[in-house]
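What you see is a predicted model; the values in this text were computed from it and never measured.
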Amino acid sequence: QQKVTPKQYSIEEWDAVFSNNEVIVPFLDVCVFAVKRLRKSGPCSTVYEFGCGMGNNLRFIHQAFPRVRLLGSDISAVAIKKLQDDSIPNSLFWVNDQNLNMRSNEIDLVIERGAIQHVSKEQAKSYVKEIYDSMKIGAEGFFEIASTAHGLYEKLGEVGDDPTVGFRTFYTIGDIKCLFADFKINRIYHLQRDLVLNISLGHNESQLHEEFKVSAQGSFQVEIEKIC
């Protein structure tokens, strides 16, 4: 039997997630950031989302700004096919591998929410370098990345298999500054959400919380700008 590499295993897991998911709900903080920036940059802007999944955020942006050009990539061919099948006007979606294969000086706005934390820090630096090259001078971006304050960090360490899907890396403030060293970092927020009561957990989820002690979800929200 052919051995499955961790990368292949992760892709298969994400394909399974998107195969069974028809719920499309945008992430509020990402979309608020995008709306504010697009009001400033104008309706002819180009927006790129790294790890776009089924396009939850990009679909919202299209509804608010129908003339904006949308680009999105994800490792899941299942998610990308669902996006392509919907034929959203003025858009391009593709499956990315180790490279994003993007053109230089094309992007006005970049968004990402919880995707880059599922690759190694070395691979994340490579992706961010490609994203930097693809952005125009003055272009801005929003990233949300798991921090070491996350409840899973104590169990998994800096990197480990995520109990839900794929694997997870966790970042310190120093890691964030290093990852975005080529950019002007306009703002960094640290978000932490503690679970203090949940009486609706099913048996499996209760067991997961007990095993991994997920009492907190910690993440950095990073707002960046390309200035040179």
*Flag the pair F143 / F180 as yes when their ring centroid distance falls below 6.0 Å, and as no otherwise.*
yes
*Can you tell me how far the CZ atom of R168 sits from the CD atom of E158, to the nearest 0.5 Å?*
14.0 Å
*asked:* So, taking the atom named CD in Q217 and the one named NE2 in H150, what distance separates them when rounded to the nearest 0.5 Å?
replied: 5.0 Å
*More than 12 heavy atoms of other residues, nucleotides or ligands under 6.0 Å from NZ of K121: is that the case?*
yes
*Would you please name every residue forming a side chain to side chain donor-acceptor pair (under 3.5 Å) with Q84, sequence neighbours left out?*
none
*Checking side-chain hydrogen bond (donor to acceptor under 3.5 Å, both in side chains) against N57, which of E112, E49, H62 comes through?*
E49
*Give the ring-plane orientation class for H190 versus F220, where under 30° counts as parallel, over 60° as perpendicular and anything between as tilted.*
perpendicular
*Which ILVMFWY residues can you reach from F65 by hopping between side chains whose heavy atoms are under 4.5 Å apart?*
F27, V30, F33, V35, L38, V47, L58, F60, I61, V68, L70, I80, L83, I88, F93, V95, L109, I111, F142
*Where do S120 and F167 come nearest, in terms of heavy atoms and distance?*
N-CE1, 4.0 Å
_Looking at every non-hydrogen atom in both residues, tell me the closest pair between C228 and I137 and how far apart they are._
C-CD1, 3.4 Å
*Listed partners of K177 passing salt bridge (charged side-chain N to carboxylate O under 4.0 Å, His left out), at least two apart*: none
*Do Y127 and V110 belong together in a cluster built from hydrophobic side chains that touch within less than 4.5 Å?*
yes
*Indicate, with yes or no, if M54 and L92 share a hydrophobic cluster defined by side-chain heavy-atom contacts under 4.5 Å among Ile, Leu, Val, Met, Phe, Trp and Tyr.*
no
*Name all residues meeting the ring pair (Phe, Tyr, Trp, His ring centres under 6.0 Å) criterion together with F18; count only those two or more places apart in sequence or in a different chain, and write none if there are none.*
none
*If you count the non-hydrogen atoms of other residues, nucleotides and ligands that lie under 6.0 Å from NZ in K125, is the total more than 12?*
no
_Nearest atoms (heavy-atom pairs only) where T169 meets A146_ = O-CB, 4.0 Å
_Results of side chain to side chain donor-acceptor pair (under 3.5 Å) for D86 - residues two or more places apart only_ = R59
*asked:* Would you compute the distance between atom CG of L71 and atom CE of M102 and round it to the nearest 0.5 angstrom?
replied: 6.0 Å
*Yes or no on side-chain hydrogen bond (donor to acceptor under 3.5 Å, both in side chains) for S147 and Y153, after CA distance, side-chain angles and deciding distance?*
CA-CA 8 Å; S147 77; Y153 174 71; over 6 Å; no
_Any heavy-atom pair between the side chains of N99 and N96 that's under 4.5 Å?_
no
*Treating Ile, Leu, Val, Met, Phe, Trp and Tyr as nodes and any side-chain heavy-atom pair under 4.5 angstrom as an edge, say whether I75 and I145 lie in one connected cluster.*
no
*Residue pair D133, S104: steps toward the side-chain hydrogen bond (donor to acceptor under 3.5 Å, both in side chains) verdict*: CA-CA 5 Å; D133 291 339; S104 300; 6.0 Å; no
*With T46, which residues qualify under side chain to side chain donor-acceptor pair (under 3.5 Å), at least two apart?*
none
_For E140, is there an ion pair with K40 - N to carboxylate O distance below 4.0 angstrom?_
yes
*Test side chain to side chain donor-acceptor pair (under 3.5 Å) applied to N20 - qualifying residues, sequence neighbours left out*: none
*Residue list, salt bridge (charged side-chain N to carboxylate O under 4.0 Å, His left out) with E130, at least two apart or on another chain*: none
_Quick check: do V222 and Y189 have side-chain heavy atoms less than 4.5 Å from each other?_
no
*asked:* For a 4.5 angstrom cut-off between non-hydrogen side-chain atoms, does V128 reach I116?
replied: yes
*Do D182 and K129 touch side chain to side chain, with heavy atoms closer than 4.5 Å?*
yes
*Would you kindly confirm whether Y171 and L152 end up in one hydrophobic cluster when ILVMFWY residues are joined by side chain heavy atoms under 4.5 Å apart?*
no
*Under 4.5 Å side-chain linkage, directly or through intermediates, the cluster mates of V32*: L28
*Would you name the heavy atoms of C52 and G72 that are closest together and state the gap between them?*
SG-C, 3.7 Å
*So does E223 pair up with K36, basic N to acidic O under 4.0 Å?*
no
*Could you tell me the separation between the OG atom of S134 and the CG atom of D108, rounded to the nearest 0.5 Å?*
10.0 Å
*Looking only at non-hydrogen atoms, find the nearest pair between I107 and A139 and report the distance.*
O-CB, 3.3 Å
*Are any side-chain N or O atoms of E144 and backbone N or O atoms of S219, one a donor and one an acceptor, separated by less than 3.5 Å?*
no
*Are any non-hydrogen side-chain atoms of Q221 and R113 less than 4.5 angstrom apart?*
no
_Residues in salt bridge (charged side-chain N to carboxylate O under 4.0 Å, His left out) contact with K226, at least two apart in sequence or another chain_ = none
*May I have all residue pairs that pass salt bridge (charged side-chain N to carboxylate O under 4.0 Å, His left out) and include part of residues 66-77, sequence neighbours excluded?*
R69-E106
*When clusters are formed by joining ILVMFWY residues with side-chain heavy atoms under 4.5 Å apart, either directly or through shared neighbours, do L179 and L100 land in the same one?*
yes
_All ring pair (Phe, Tyr, Trp, His ring centres under 6.0 Å) counterparts of H118, not counting sequence neighbours_ = W14
